[in-house]
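Chain identifiers are assigned alphabetically (A, B, ...) following the order of the sequence lines, protein sequences preceding nucleic acid strands; residue numbering begins at 1 within each chain.
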Protein chains: 4
Amino acid sequence: MEMRAIVKAAARPGVALQRVPVPEPGPEEVLVRVKAAAVCGTDLHIAHWNAWAQGAGIRLPLVMGHEFSGEVVGLGSRVRTLTPGDYVAGETHIPCGECYQCRNGLQHICKNLKLFGVHRDGCFAEYATIPALCAYKVPAAIPPRVAAMLEPLGTSLRAVLELDVSGGSVVVIGCGPIGLFAVASAKALGASRIIGLDVREDRLSLAKRLGCDITLNPRRPETADQILEATDGVGADAIVEASGNAAALEGAFAYLRKGGRCALIGLPSAPVRLNIGPDVVFKEATIVGIHGREMFRTWTRMLQLLASGLLNVDPVVTHEMPLDDYEKGLALLEAGQGGKVILVP
Amino acid sequence: MEMRAIVKAAARPGVALQRVPVPEPGPEEVLVRVKAAAVCGTDLHIAHWNAWAQGAGIRLPLVMGHEFSGEVVGLGSRVRTLTPGDYVAGETHIPCGECYQCRNGLQHICKNLKLFGVHRDGCFAEYATIPALCAYKVPAAIPPRVAAMLEPLGTSLRAVLELDVSGGSVVVIGCGPIGLFAVASAKALGASRIIGLDVREDRLSLAKRLGCDITLNPRRPETADQILEATDGVGADAIVEASGNAAALEGAFAYLRKGGRCALIGLPSAPVRLNIGPDVVFKEATIVGIHGREMFRTWTRMLQLLASGLLNVDPVVTHEMPLDDYEKGLALLEAGQGGKVILVP
Amino acid sequence: MEMRAIVKAAARPGVALQRVPVPEPGPEEVLVRVKAAAVCGTDLHIAHWNAWAQGAGIRLPLVMGHEFSGEVVGLGSRVRTLTPGDYVAGETHIPCGECYQCRNGLQHICKNLKLFGVHRDGCFAEYATIPALCAYKVPAAIPPRVAAMLEPLGTSLRAVLELDVSGGSVVVIGCGPIGLFAVASAKALGASRIIGLDVREDRLSLAKRLGCDITLNPRRPETADQILEATDGVGADAIVEASGNAAALEGAFAYLRKGGRCALIGLPSAPVRLNIGPDVVFKEATIVGIHGREMFRTWTRMLQLLASGLLNVDPVVTHEMPLDDYEKGLALLEAGQGGKVILVP
Amino acid sequence: MEMRAIVKAAARPGVALQRVPVPEPGPEEVLVRVKAAAVCGTDLHIAHWNAWAQGAGIRLPLVMGHEFSGEVVGLGSRVRTLTPGDYVAGETHIPCGECYQCRNGLQHICKNLKLFGVHRDGCFAEYATIPALCAYKVPAAIPPRVAAMLEPLGTSLRAVLELDVSGGSVVVIGCGPIGLFAVASAKALGASRIIGLDVREDRLSLAKRLGCDITLNPRRPETADQILEATDGVGADAIVEASGNAAALEGAFAYLRKGGRCALIGLPSAPVRLNIGPDVVFKEATIVGIHGREMFRTWTRMLQLLASGLLNVDPVVTHEMPLDDYEKGLALLEAGQGGKVILVP
């Protein structure tokens, strides 16, 4: 049996829609009929075959895509936790189960981590196989296009949970999907003042809809002063860095308050220069890297927040299109529009 | 110069409106013109001169009342942090500044703690003196009647902060003001499911307005089952005990999930019988007592939550009346109505 | 093939040495040749078939015993994390892997928890089968008799880790093995003052060897005053309750400092009466139940502490004897001597 | 009345022993007869009048020195917490008491922080005045030369407390006094493996005496591999950066484990280049700046650890000399020897 899939075939730029065999689930895997998939910056890197992609250990040919929701339609021989018909979303991080991190509550940063859609075939296809462990059951009330975004939403929510924002101020640097999810999460968790930074007006406008009290252009020299003013001269209690822009991160300590916390999700392409003395030591700043969702504490909280209505990320979906229009989807992402593009197989 | 004040004059039941001298602030105190004061269960105990009051070390005669807001109108000689005209709310806990707790970040549970309105004259009067340390500046946007409730609101908020409720379920036992404040705080901080328990319908109806998803009567035998059902069979992530009812607390472990947390604010009049094995050890339950607000971390967050509009406790004020009607106010409290009674001097 | 085993055959007092078949490991289990097993109070309850045992869901006939170390000699078909020859210690808690707790980092308090040696055959035998997940690899430098005690040692270490004792004072109530392990753990983690309580002199003498600075008899009325004096009038920063004595726990709040923490491991046979107001609320005490070891964060730390020599529990083993002398071992435990009895098959 | 003091008189390199008036304590200050003072790198910067010193807001002329112990011999009019004869050590951080940080439990990083011996006269003199708040009472059992080092020791202990090292591995970068104090603190708190890095053999030899299990020269290319090997291939659980060497910090992420924590105390003179993606995000590293001691939680624990004998920093004092030999003391520091130089007025 065959299916349509977006395939990265060779170690050079470009991807193509192909007909490939429907995969067979291994003994501890499930076969999922994909209902919706979301496009991520990582997909763009792989399509372009940039420096990161070339060094990421990608196995070619690769069915692309790692953010998705769908219905379980086949079970490996040892799977007991799911049944056909279950509605699930995919956790991209596939842990080995045996390393130090896996044995110590940190499986989401497993030492031998494999990424769905990077190190094994992904979800820009009609069907996908995934370890049963990484197929998280989702309530029917969450529509497939939202369920397809739970993986990146979980990253942002995790960052916000680490920052302990209740009753405090948060600056979100970069209002692409990860930043927008951080804004929505901060709002749901009681951040009292949310400030969004981006160079594009359309993204800032989305950020306002998702809960920003104030939006600013980080290129303007008065930005730091405006943040200080908006926080009564104290500075921001917390920062979520979701832009991957080195200059933005280097400048963030100008408005982080003494004793503040900063979560890093964005991936700068070059080293970041930090003035450790004034920016970190004298400030007693805490900087924490966030690479994924705690498996599955973050998922539990995320689904309960969505179910309660306190967390609402519908507006992040700005485009929804058939899988076959993937080129248009990738182009939208490349053009830097803020919202999320959903592909429907 | 004289003022009107509600005075507990002697070691027997009863209080009276009297004319007494306007107090003089000590060197580190301020004189505040009271704009609004709130009645608390403690005031009722003092008025009735019950067993607790008899043993509480109360200095008679006593100007009653400890929850208030007002305007600074006089300064002690060494006060530099406030100026006349400042709008403040009162922190009841007066720390010694020298004990182990005061030197280790726990001044709100100072070993030699003195309580405003209990161990020294309080705020059911036209004017009150209070240490400058305990007069917390409040933004003008918060009306006096709300500012008068910040002390008990802070206790509830503190409890909810300790329980880490974001994306989780919370049961609030007892929907008097402390419970209602806990409901509102849990809502503001992203609790995904809030269940209120009380035996009175009018209180439960207020609880719904403040954010409860479900309200239940704890006297009905099916209550525990209903909570389990409302939490997908898992049990509640967290509990705020705000009733002081021993049976309610003893019964709470039937619906607390394994690994859950329970904050105790209510003061049972008799010992509580706990089945330590099944209720605490096997469940790995955490039980934490809450006696006040962290000085002043809790205040900071509280004011920022109020300013953001995420926390709204207006509906808790069910009655507002002139100070001279204090007898009516005490009677309302005694009748067990859920909301807060505000006295205006 | 047959082996010797201590078997609880019927629902009445008594156990017997029997010859039974060597068990076959299931697909995800390993077969372990037992090198040393340790006797626990739970074993005594099962032997006596007391009220707890009758209600514990024990499957009869039962090979008794749950604390052990040994060598892997057989593998189930799907086991990849262990190989024959591996030296392991047993984790008693067998999680289901599917419940809320298992999916949220709390598998050690799994909702459907099965206990090795209680709900399935245990280790008072020449061989035992156990899920591969629960066979924790141990360095060869740790002798079998110490490795056989890692399960209860881990419970005590976990309690001490929760209490954050570094540079603080700890009272350990009850100096049987669990209390002695808590003393040794507190010493290794930098508790600056360790006070052991027990009614028996021989236990207190062991407690001193393991690190107690002061030992006291809790039945003497001056005990609380002595603890206050030993803590400069402040009270104890932390308490480990390892006696299961209701009166001891009820009395502990007299010497816990305001803001102190109390970990409960002991299982009182009757309800404990707590004065919630003065003992928990006004004190802002934290009480936390401890039922086991975090899987496997606690094990990781424990083994590293043992390897470093900072944690040394050798003196806790007071008796070592052949498996066939099990009656003598149970009798020693019943007689209330403080140390641990090791059975060698 | 006059006294001898080491004075920085003018904005150029050099210091001199002068006779100056004994200072008068302000109303909330105490006059202390200095028993011992310790020389710190900061003193060297001030003596040399380097770039940092020129921008530090130093008030000239300045009595240098900020680490000391001594006896209270005079009281300001409002001081009630100390009496003449009290034996105290100095806390360098002088908080304003009014800013956000001071009101929220972070007074040690007060926004308007003044440093004793930098922004006001210090302790390289026969007498010094200091706010009563910053004169911490010390037990007589601690000798003056050790008490003079409590300020820097507290910084290192604080870093180690933040890293939660019990049962884990710690790398200490830089084995000058701050690093040596970190080694001793880690040992006292139960770190199971302590690895010290320095380019000088004499410092490494001191580090071994204070508790290092392994010492390495960071300039050798195999250092990272050796750390990985010493941690079973996992990497270090925690790092204390106490060298201020940018290259050392940049290289530290090669051996920090995924999920590890890094405390920064050292002050690099140039920006540090961090590869945020691989070093922080994918690793979920936590980086936390440490500028001082929590006032006074860290002091409380420190004194209790010293009193218990678990923390012993005597070997750090490598030189003790009369105040008049200050030039020799500064020269020793400049020569980069590892231990601490004590001046006795």
- Task: Go through A/Arg261, A/His108, A/Glu250, A/Lys283 and name the one with the most non-hydrogen pairs under 4.5 angstrom from chain D.
- Result: A/His108
- Item | Side chain, backbone, both or neither of A/Gln101 within contact of chain D (heavy atoms, under 4.5 Å) | side chain
- Note on the structure: Whatever's closer than 4.5 Å to a heavy atom in chain D on A/Leu106 counts as side chain
- Message: Looking at A/Ile290, is its backbone amide N or carbonyl O close enough to the side chain of D/Glu284 to form a donor-acceptor pair, meaning the two atoms are under 3.5 Å apart?
- Response: no
- For atom CZ of D/Arg59, decide whether the heavy atoms of other residues, nucleotides or ligands shown that lie under 6.0 angstrom number more than 12. yes
- Interface moiety of A/Cys262 toward chain D, non-hydrogen atoms closer than 4.5 Å: neither
- Among D/Asp232, D/Asp279, D/Leu274, residue most engaged with chain A (heavy-atom pairs, under 4.5 Å): D/Leu274
- Query: Taking D/Gly292, D/Ala263, D/Pro271 one by one, which has the highest count of heavy-atom pairs under 4.5 Å against chain A?
  - Reply: D/Pro271
- Query: So does A/Glu229 have more than 12 non-hydrogen atoms from other groups sitting under 6.0 Å from CD?
  - Reply: no
- In Å and rounded to the nearest 0.5 Å, what is the CD1 to NZ distance from D/Ile109 to A/Lys258? 6.5 Å
- Item | Winner by heavy-atom pair count (cut-off under 4.5 Å) against chain D, out of A/Ile276, A/Ile265, A/Asn275 | A/Ile276
- Task: Sort out for me which of A/Pro278, A/Pro268, A/Gly266 touches chain D most, counting heavy-atom pairs under 4.5 Å.
- Result: A/Pro268
- Message: So which residue, A/Val280, A/Thr286, A/Leu267, A/Ile287, ends up with the most heavy-atom pairs under 4.5 Å with chain D?
- Response: A/Ile287
- Those residues of residues 233-249 of chain A, ordered by number, that approach chain D below 4.5 Å (heavy atom to heavy atom): A/Gly233, A/Val234, A/Asp237, A/Leu249
